[in-house]
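To start, the structure under review is shown below, and the notes come after it.
Chain naming here is simple, since letters A, B, ... match the order of the sequence lines and numbering starts at 1 in each. Computed over heavy atoms, backbone and side chain alike; hydrogens, waters and symmetry mates excluded.
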Amino acid sequence: MLNWFAKKNFRRRQNLGLAVGVTVGVVSLLWLSIHSNSQLHAPGSMNTGHEKLLCEDCHQKSEGSLRQKLQANVRYWLNDRQAYVPLGHKPVANEHCLECHERPNERHPVFRFFEPRFKKARAEIGAQFCVSCHREHTGVRVSADLRFCAVCHQRLDLKNDPLLKASNPQAAEATLTSHLQLVKTKRWQTCLGCHDFHGNHRMKTAASMDQLIKPGEINAYFQGAKSPYSQSKYHKAKQKINYEPGA
Amino acid sequence: MNQALKLFVYCLLLAVVLVYLFVSAPPPLAENIQGKTLPSRLALELLQQENAHVRELYTKEIVGEGKKRKINFSEDWKLAEIHAGLLPAQFLRETARYLERSKVHLGLFLGSDYAINQANQFEGEQKVVFEKMKYTREAVYFYYPDAQRYTYMFPDVAVVNACVDCHNDHENSPKNDWRLNDVMGATTWTYPQERITVDAFLQMLTVLRQGFRVAYEQFLGEIEKMPVPPKIGDHWPREGYYVPSADQFMQEVRNRSSVSTLNRLMLSMIESDKEEQP
């Protein structure tokens, strides 16, 4: 008799557990599938300033049905079509970033680095892609190392070097150095202390090393802290993405 | 019997896959590139032709004639204390900077194996191609896999003494025995696709001409700062102490380039139509 009850209870508990499990699972799935919760299934935190972006702002589905895409790709492999079609989402490309961040005053336009002469920059830091330095889902502003300038700016013998005494008579002797000297001593972590890479902050470039923004502050900025350059920008990033059809 | 059945099943599966992939029940997916196209090689050739016209115009009519009128030109034109026009190579560089910021994905670069500015020194594959070009003196079109760009290099020949003298006399020049008609460098154009629509080409051309205009406006900006600036308007330096306005300059660019560009484009379209006809 006892056995019968135990067996019955076990079966009831089993059914109850199954019902709770299925309910929790279904509710979780429904909750996760709500559009505004899409970030919860991202591989990591969104980067600084991107918190309000939705998945599909960057990850866009490629056009066509699965069958159409398979057919298109077979034609591509048979050399009967120019372009490969991704089966799922289109790869995230520079164009997606530039949709919000394109600026006429850009100091280092990303497409410049496709020129053959930037082979080293492509190989070492992937300078031809925005996401090489701004890797998404890392929860920071800049994912690159402070010393990336070293790849391109090894030759830096300036005429009228603004760091030298002639251009800088008020500066203390101990703080004087030249750009050439900075390169020779590999002080690459100091570059961004005076120079804003994208050139979008309204700021006066420091004229001597004692005005330098410390590498620690720049690093904190990379991690998401406020800008040490200036709070004022020439061009603000677009707040809403509005892709052109077929872009 | 088993073998025959297996073969039948395999054939059946193959037939199903072939029907699924090749019998176009759904309409075939449109190519990203739609409409009339031309090879990017031709597109780059046409752009280079425009660029050559502008360089000749700027070099001879602005720099050459301007110097005779005591208008100053200097490689240090960007320094605040110097008010001078930019040199022809810098004019091209400013145009290229404009292209870099545009959406047309067009690359333009003037380099050499004996560059005055080290940033313009050829390296790697470009240097190898340029070594051959110095002897053949012919443009070279190739795919650059590392950058995933179709690349067209055009020899840059010393056509006037001013180029030779300036490069020979420059303190940072690694070569001082340049002569007239030497291949001093190469203009390199890059583009990511092998074919391009006519619409996209016209967009490229528009952006390139806008780049010429922006570079020329930088020259005018410098000229205006001169203590006694030449008059900016409808006249050219060969007529006196004048420089043409940006509108006037661009009008001359159009006069020199548009007919030949349009002719070659039309010819290419006619040839493409002939190829498409059965």
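Heavy-atom distances place the backbone of B/L108, and not its side chain, under 4.5 Å from chain A. Interface residue B/R101: backbone and side-chain heavy atoms are both found under 4.5 Å from chain A. Interface residue B/A119: backbone and side-chain heavy atoms are both found under 4.5 Å from chain A. Interface remark: A/R122 contributes side-chain atoms only to the contact with chain B (heavy atom separation under 4.5 Å). Looking at A/R112, the atoms closer than 4.5 Å to chain B (heavy atoms on both sides) sit in the backbone and in the side chain alike. A/P116 touches chain B through backbone and side chain together, each having a heavy atom under 4.5 Å away. Proximity to chain B is limited to the backbone of A/N105, based on heavy atoms less than 4.5 angstrom apart.
Note that CG of A/N94 and NZ of B/K103 are 12.5 Å apart. Values are rounded to the nearest 0.5 Å. With values rounded to the nearest 0.5 angstrom, B/R149 atom CZ is found 4.5 Å from A/F114 atom CZ. If you take CD on A/E115 and OH on B/Y144, they are separated by 11.0 Å, rounding to the nearest 0.5 Å. For the atom pair CD (B/Q148) and CD (A/Q128), the distance works out to 8.0 Å, reported to the nearest 0.5 Å. Interatomic distance, CZ of B/F109 versus CZ of A/R117, reported as 4.5 Å (0.5 Å rounding).
Taking 4.0 Å as the cut-off between side-chain N and carboxylate O, A/K120 and B/E123 do not count as a salt-bridged pair.
Counting heavy atoms of neighbouring residues, nucleotides and ligands inside a 6.0 Å radius, atom OH of B/Y143 exceeds 12 of them. By the neighbour-count criterion of 12 heavy atoms within 6.0 Å, atom NZ of B/K134 is densely surrounded, having more than that number from other residues, nucleotides or ligands. Atom CZ of A/R103 is surrounded by more than 12 heavy atoms from other residues, nucleotides or ligands within 6.0 Å. Counting non-hydrogen atoms of other residues, nucleotides and ligands closer than 6.0 Å to NZ of B/K175 gives a total above 12. More than 12 heavy atoms of other residues, nucleotides or ligands sit less than 6.0 Å from atom CD of A/E124. Annotation: A/R147, atom CZ; neighbour count of heavy atoms from other residues, nucleotides and ligands within 6.0 Å does not exceed 12. Counting non-hydrogen atoms of neighbouring residues, nucleotides and ligands closer than 6.0 angstrom, the CG atom of B/N172 exceeds 12 such neighbours.
Using modelled atom types, one finds no donor on one side chain facing an acceptor on the other under 3.5 Å when comparing A/H108 with B/E100.
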